[in-house]
2 protein chains.
Amino acid sequence: MFKVNDNYQKLPGSYLFSTIAKKVSAFQAANPEKTLIRLGIGDVTQPLAPAIIDAMHNAVTEMGNAETFHGYAPDLGYEFLRTAIADNDYKARGCDISADEIFVSDGAKSDSGNIQEIFSVDNRIAVCDPVYPVYVDSNVMAGRTGTYDPKTEMWSNVIYMPCTKENNFVPEFPKENPDIIYLCLPNNPTGTTITKDQLQEWVNYANKIGAVIIYDGAYEAYISEDNVAHSIYECEGARTCAIELKSFSKNAGFTGVRLGYAVVPKDLKCGDVSLHQMWARRHGTKFNGAPYIVQRAGEAVYSEAGKAQLKEQVAYYMKNAAAIKGGLQDAGFEVFGGVNAPYIWLKTPDQMTSWEFFDYLLEKANVVGTPGSGFGPSGEGYFRLTAFGTYENTLAALERIKAL
Amino acid sequence: MFKVNDNYQKLPGSYLFSTIAKKVSAFQAANPEKTLIRLGIGDVTQPLAPAIIDAMHNAVTEMGNAETFHGYAPDLGYEFLRTAIADNDYKARGCDISADEIFVSDGAKSDSGNIQEIFSVDNRIAVCDPVYPVYVDSNVMAGRTGTYDPKTEMWSNVIYMPCTKENNFVPEFPKENPDIIYLCLPNNPTGTTITKDQLQEWVNYANKIGAVIIYDGAYEAYISEDNVAHSIYECEGARTCAIELKSFSKNAGFTGVRLGYAVVPKDLKCGDVSLHQMWARRHGTKFNGAPYIVQRAGEAVYSEAGKAQLKEQVAYYMKNAAAIKGGLQDAGFEVFGGVNAPYIWLKTPDQMTSWEFFDYLLEKANVVGTPGSGFGPSGEGYFRLTAFGTYENTLAALERIKAL
């Protein structure tokens, strides 16, 4: 008689964004006349840039001709894309990362969820709190997190590193040594980040205690301050302790296109065992490459035209971020983030819980945000709004919130 | 100090097709003047059908306009695709499968590798021998397979069901009860299959012993005989014991497009636990949907034009299969498969091992095939050729082999 993976049964409730989607559809069904403004899920709204559209049309045409048709992609991604990534995201920033240390994937969510597979189930993870739920959930599924306490909403075998206004959203080194440290910087959901010097301290710490850092840099394109690292490999020693995950979803609007990559440096080892080789084996066994058309779209992100168009797109969203931040501050809210990331993190008013504020905003203003507590216990009493809406909707949402 | 997943170290050698790719590049580098014909990896060569190309161009154009742009896809796939699948692949065949039991993915390789995650590590798997290597390898990585014996090339905790010419490639019920049974039918690599009545016996057996069948139907489109099931759900009782995995790679040439789906019926349960819910949770947590453009391409597979064009494509490859089968038989080879699948399985001549014959064919005929032993111990002494080449190359390869 077959048995299931019991760890799944330990997961409380459903995936955060599925829950929100269900609540929103229920509200919409009950109130068909209301026009909702969605600043909840971190989904983009601007169309793909013309340079990317052109590249995709060309690639589609290639797929229709026998001479230029492309079947299975190379395991780790096409050379043209890996080279573009290595040149633009690493070499241009003085980071020592080569094309064959880059693994092209169908997105950072897959990589974030799958990367834990190559580690022992005995390893102990540390996460910023609040944080993107996939890190913890995927470790729950693997049986790495111990037992769940519904009162504290914490797992017994997860090290939480609170990031709140009290510590200026800068995580502190945990009291107990973790084996795997997840850092998402600039952070989702708080929209805050740390300086390059502070990140260097994390790299030093990880090397000292023999931990590996899973560095999620999905929001890197939104960094506006000079003293913030665009890659963890800007820090000395990161090649021996860090895996970096990157996404094309936020910098190029690929949420519905699906493309990302993981960097696993060849210097990252556990004794004699190369994590690069392990990840290559994982990729080769359970993944068959990102679509050719999508990899060509990724290449276009690094073309001159693509870069210029995407710079404008990022600026568009950051104008929204500034509008939300300023508008909410004017309305008396306590607001964080929004400078190096497209997320605004606000303190809920009147001691409301995060979900109370979610319902309040949905019902009274017909604005959808994301409850901070969905990202971890230290997110309770906070709320996330994204800058990924249209400018018009963003201003309209602000007016509705101010009118409350 | 972090530790790695030690199970990876148990894997002998690299993934089969990576090994072949390396051998072939080494040969090509040493013999740049030789023109290789590749009938090894099961990769298609015909371009995408016009109906699919049109659908993809349209979808790309949509992605370039704000009004028609698509961001994150629904967790389980777009309704338009799931409905087309349910109607065409199931309802039209009298199978009771609804659209919300279908989970759209980026391909059957991912699904084949990931599906084991929702089962306990204590479960014991049974596989046909020889078989597609991903089933065993992904279970090795999860720690489900015991120890490897390099002499027999078998894992202590895997039940092997030999499929050889001695039993006419029909697996027998194992002596010990398995918990999870992988069936790939029509079979990769042997190109053989079993009748619907024989499949019904497997469904009865699984229901009787409480096992779950992972049914890989990637080659379904190539079935030409009437007494062969196109879906396991044509068998009575399959809803309580079977998960079906399907691919668009072989029927529509999507090896470089990446699309597949898994069917997890709501009746499939372990006690009170719904496997449908577990897979939904897995999908929601670790996957962000197949690209919109690719899902529109998948929809076009079921359009009238798409169906007609793909029927021709399948016929093209099956013409190759018939040519290979007939040609090799004429040349005195013992040959199997090729009737309900695009694979030809041949007995190596002169007691050669599979890898000896691989090297022999590569060096003497400059033809790339796949060594049978790479698919499991009972594949030793066999060799796989695929019908996915062009007709011209297929005939040329045959001439070269005959000339040996």
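We name chains A, B, ... by the order of the sequence lines, and we start the count at 1 in each one. As a basis for the values below, the full set of heavy atoms in this structure was taken, side chains included, without hydrogen atoms, waters or symmetry mates.
Ranked by heavy-atom pairs under 4.5 Å with chain A, the first of B/G113, B/A290, B/P50, B/P47 is B/P47. Annotation: maximal heavy-atom pairing with chain A below 4.5 Å, among B/I293, B/T45, B/I180, occurs at B/T45. No other option in B/R124, B/M63, B/E67 has as many heavy-atom pairs under 4.5 Å with chain A as B/M63. Counting heavy-atom pairs closer than 4.5 Å to chain B, the top residue among A/A211, A/A142, A/G64, A/G143 is A/G64. Contact tally against chain B (heavy-atom pairs below 4.5 Å) for A/I52, A/T68, A/N65: the top residue is A/N65. Listed options B/F119, B/F254, B/Y72, B/F388 were ranked by heavy-atom pairs under 4.5 angstrom with chain A; first place goes to B/Y72.
Looking at B/R282, both its backbone and its side chain come within 4.5 Å of chain A, counting heavy atoms on both sides. Residue contact with chain A, scored on non-hydrogen atoms closer than 4.5 Å, is absent for B/L259. B/M141 touches chain A through its side chain: at least one heavy atom from C-beta onward sits under 4.5 Å away, while N, CA, C and O do not. Proximity to chain B (any heavy atom under 4.5 Å) is restricted, for A/I209, to the backbone atoms N, CA, C and O. Of the two parts of A/S138, the backbone and the side chain both hold a non-hydrogen atom closer than 4.5 Å to a non-hydrogen atom of chain B. A/I41 touches chain B through its side chain: at least one heavy atom from C-beta onward sits under 4.5 Å away, while N, CA, C and O do not. A/A66 touches chain B through backbone and side chain together, each having a heavy atom under 4.5 Å away. For a residue to count as touching a neighbouring chain, one of its non-hydrogen atoms must lie under 4.5 Å from one of that chain's; by this rule B/N177 does not touch chain A. Proximity to chain A is limited to the backbone of B/K269, based on heavy atoms less than 4.5 angstrom apart.
Taken from NZ in A/K3 to CG in B/N123, the straight-line distance is 6.0 Å, to the nearest 0.5 Å. Residue A/Q9 holds its CD atom at 9.0 Å from CD of B/Q277, rounded to the nearest 0.5 Å. Atom OG1 of B/T285 is separated from atom CG of A/L11 by 6.5 Å, given to the nearest 0.5 angstrom. Remark: A/D6 CG to B/D122 CG distance equals 9.0 Å, nearest 0.5 Å. Of the inter-residue distances, the one linking A/N114 atom CG with B/N114 atom CG reads 6.5 Å to the nearest 0.5 angstrom. We find the CG-CE distance between A/N7 and B/M278 to be 8.5 Å, quoted to the nearest 0.5 Å.
A 4.5 Å side-chain heavy-atom check between B/L275 and A/V4 finds at least one atom pair inside the cut-off. Taking the side chain as every heavy atom from C-beta outward, B/N5 and A/S120 never approach each other to under 4.5 Å. In this structure the side chain of B/P291 never reaches within 4.5 angstrom of the side chain of A/V257, judged on heavy atoms. At least one side-chain heavy atom of A/I53 sits less than 4.5 Å from a side-chain heavy atom of B/V60. Within the 4.5 Å cutoff, side-chain heavy atoms of A/T61 are placed close to those of B/H57. Contact check for A/V273 versus B/Y8: no side-chain heavy atoms found under the 4.5 Å cut-off. At least one side-chain heavy atom of B/E117 sits under 4.5 Å from a side-chain heavy atom of A/E117. Counting heavy atoms from C-beta on, the side chains of A/D75 and B/F17 never come closer than 4.5 Å.
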Item to check | Residue pair A/D137, B/K286: steps toward the salt bridge (charged side-chain N to carboxylate O under 4.0 Å, His left out) verdict | outcome: CA-CA 9 Å; A/D137 286 1; B/K286 300 193 191 178; over 6 Å; no
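Side-chain contact, B/H70 with A/T255: no donor N or O sits under 3.5 Å from an acceptor N or O.
Counting non-hydrogen atoms of neighbouring residues, nucleotides and ligands closer than 6.0 angstrom, the NZ atom of A/K10 exceeds 12 such neighbours.
The two residues A/F2 and B/L268 come nearest to each other via the heavy atoms CZ-CD1, 4.5 Å. The shortest heavy-atom contact between B/K109 and A/F287 is NZ-O, 3.1 Å. Residues A/R258 and B/N288 approach most closely at NH2-CB, 3.1 Å, considering heavy atoms.
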